[in-house]
Amino acid sequence: KTDEETLLHFSRDGRDAARRNAWLVRSIKGKPSPSVTALAAVATKDRDTKVRANAAVVLGGAHKEHLTKAVLALVSLLDDSQDAVIAAAEAAIDGLGKSALNTLLDTMDQRDGDLARLHTLALIRFGQAAGTALKTKASDSSPVTRTLAREALSAIGGKALIAASQVMIEGLHDPWDPARAASAFGVGTLVPEHVKDPEAVIDRLKQLFVEDGYLQVRNAAERALLDIALRESLGKAKG
């Protein structure tokens with residue numbers, strides 16, 4: 001206990017070197033207590049690169065009492081200016097495994113703007129393992145949640161995206177502009193192989209490209225149509 005109190009004292013020292021050494025020692029001491037977890041989440045905002053990186057390492061063993069705070073702090077580090085910090089945050093998220101994934105899924109509706117982009121990046125790290133949960137989230141009542149879910153599914157692709165194909169297609173009529181754009185982007189990789197009526201989907205994409213009032217939707221529809229046309233062209237060339 002005394003040892004931990006000493007480390008906690010120096011982790012809040014005004015000198016960069018003192019904080020750096022404190023978090024370095026703490027990063028190799030195993031799973032942190034609730035108080036250390038909470039303080040490490042705060043330390044991810046430190047001005048010193050090594051402090052942020054070592055705080056991320058500590059959060060890789062985050063105590064369940066402050067798990068949400070830890071995961072969201074790690075997500076914020078995915079946009080850090082230093083590669084070493086980003087790598088430490090990615091490793092910590094991966095190390096938390098299903099606990100981190102469930103936390104990310106539970107907090108999707110709290111994200112917007114740049115934080116939404118980072119949240120999506122974190123979800124993508126779980127790949128196909130996140131597919132089933134993301135399929136459910138893709139039709140969530142929260143527009144932010146379903147937008148992030150569709151963006152993550154589009155990036156993950158493969159079986160996860162194919163399993164959610166109907167949700168993505170229905171999303172082309174979503175009243176929430178960003179969610180509609182996310183669907184359009186993903187649908188471009190599903191047509192024609194993984195949809196029941198590819199011509200109807202293509203017609204809807206063309207309509208979005210020409211008529212939609214939201215630029216992001218028009219751009220996503222254009223990208224989808226180009227992807228479809230390219231695959232058809234390649235298929236004819238092979239034939």
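Nothing fancy with the numbering, it's 1 onward along the sequence. Heavy atoms only: backbone and side chains are in, while hydrogens, waters and symmetry mates are out.
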Please lay out, stage by stage, how Ser11 and Leu39 fare under the test side chain to side chain contact (heavy atoms under 4.5 Å, CB included).
CA-CA 9 Å; Ser11 69; Leu39 192 58; 3.2 Å; yes

Applying a strict under-4.5 Å side-chain criterion to I, L, V, M, F, W and Y, I'd like to know whether Val167 and Ile169 cluster together.
no

Non-hydrogen atoms of Ala84 and Ala53 that approach each other most closely:
O-CB, 4.4 Å

Here the gap from Arg125 atom CZ to Thr120 atom OG1, rounded to the nearest 0.5 Å, amounts to 14.0 Å

Can you check whether Arg180 reaches Leu208 side chain to side chain, under 4.5 Å on heavy atoms?
yes

Can you tell if the side chain of Leu121 reaches within under 4.5 Å of the side chain of Val75, non-hydrogen atoms only?
no

Does Val42 belong to the same Ile/Leu/Val/Met/Phe/Trp/Tyr cluster as Leu67, with side-chain heavy atoms less than 4.5 Å apart forming each link?
no

Please tell me if the side chains of Leu115 and His119 come closer than 4.5 Å, counting only heavy atoms from C-beta onward.
no

Minimum-distance pair of heavy atoms, taken over all atoms of Thr37 and His66:
CG2-CB, 3.7 Å

What I want to find out is whether Asp46 reaches Arg20 closely enough, with some N-O distance under 4.0 Å, to be called a salt bridge.
no

Can any side-chain N or O of Arg150 pair as donor or acceptor with the backbone N or O of Ala179 at less than 3.5 Å?
yes

Where the side chain of Ser233 meets the backbone of Ala229, is there a donor-acceptor pair that is under 3.5 Å apart?
no

Do Val217 and Phe185 have side chains that get closer than 4.5 Å, going by heavy atoms?
no

Stepwise side chain to side chain contact (heavy atoms under 4.5 Å, CB included) check, Lys206 with Ile202
CA-CA 6 Å; Lys206 289 179 179 178; Ile202 291 173; 3.7 Å; yes

Nearest heavy-atom neighbours spanning Ala55 and Ala43:
CB-CB, 3.8 Å

Do Asn102 and Lys98 have side chains that approach each other closer than 4.5 Å (heavy atoms only, starting at C-beta)?
yes

For the residue pair Thr44 and Val51, establish whether any side-chain heavy-atom pair is separated by less than 4.5 Å.
no

Show your working on side chain to side chain contact (heavy atoms under 4.5 Å, CB included) between Ile162 and Glu193 and close with a plain yes or no.
CA-CA 10 Å; Ile162 294 170; Glu193 295 90 343; over 6 Å; no

When you check the gap from the basic side-chain N to the acidic O, do Asp16 and Lys50 get nearer than 4.0 Å?
no

Treat each ILVMFWY residue as a node, draw an edge where side-chain heavy atoms are under 4.5 Å apart, and state whether Val57 and Val25 are in one component.
no

Once you round to the nearest 0.5 Å, how far does CD1 of Ile156 lie from CG of Leu161?
9.0 Å

Is it true that Phe209 and Val187 fall in one hydrophobic cluster, defined by side-chain heavy atoms closer than 4.5 Å?
yes

For a quick test of reading the model, state the closest non-hydrogen atom pair linking Gly131 to Ala160 and the distance between them.
CA-CB, 3.7 Å

Tell me whether Ile28 is reachable from Trp23 by hopping between hydrophobic residues (I, L, V, M, F, W, Y) whose side-chain heavy atoms are closer than 4.5 Å.
no

Minimal heavy-atom distance between Thr147 and Trp176, with the atoms involved, is OG1-CD1, 3.4 Å

Answer whether the closest heavy-atom distance between the side chains of Leu78 and Glu90 falls below 4.5 Å.
yes

Surrounding CZ of Arg218 (heavy atoms of other residues, nucleotides or ligands, distance under 6.0 Å), is the total greater than 12?
yes

What's the verdict on salt bridge (Lys or Arg N to Asp or Glu O under 4.0 Å) for Asp227 and Arg223, showing C-alpha distance, side-chain angles and the deciding distance?
CA-CA 6 Å; Asp227 286 346; Arg223 170 67 182 274; 3.4 Å; yes

Quickly, which of Asp197, Leu225, Val201 forms a side chain to side chain contact (heavy atoms under 4.5 Å, CB included) with Val191? Name it, please.
Val201

Starting at CZ of Arg146, measure out to OG of Ser141 and round the result to the nearest 0.5 Å.
7.5 Å

Working to the nearest 0.5 Å, report the span between CD1 of Ile93 and OG of Ser99.
13.0 Å

Determine the minimum heavy-atom distance between Gly14 and Arg47, stating which atoms define it.
O-NH2, 3.2 Å

After noting the C-alpha distance and the side-chain angles of Lys31 and His63, does the key distance pass the side chain to side chain contact (heavy atoms under 4.5 Å, CB included) rule?
CA-CA 7 Å; Lys31 288 192 175 296; His63 192 280; over 6 Å; no

Return yes if some donor-acceptor pair links the side-chain N/O of Arg52 with the main-chain N/O of Leu77 below 3.5 Å, else return no.
no

Could you measure the distance from the CG atom of Leu74 to the CG atom of Leu118? Nearest 0.5 Å is fine.
12.0 Å

Pair Asp48 + Arg19: basic N to acidic O under 4.0 Å:
no

Do Leu59 and Leu96 have side-chain heavy atoms sitting under 4.5 Å apart?
no

Rounded to the nearest 0.5 Å, what separates atom CG in Leu190 from atom CD in Gln166?
10.5 Å

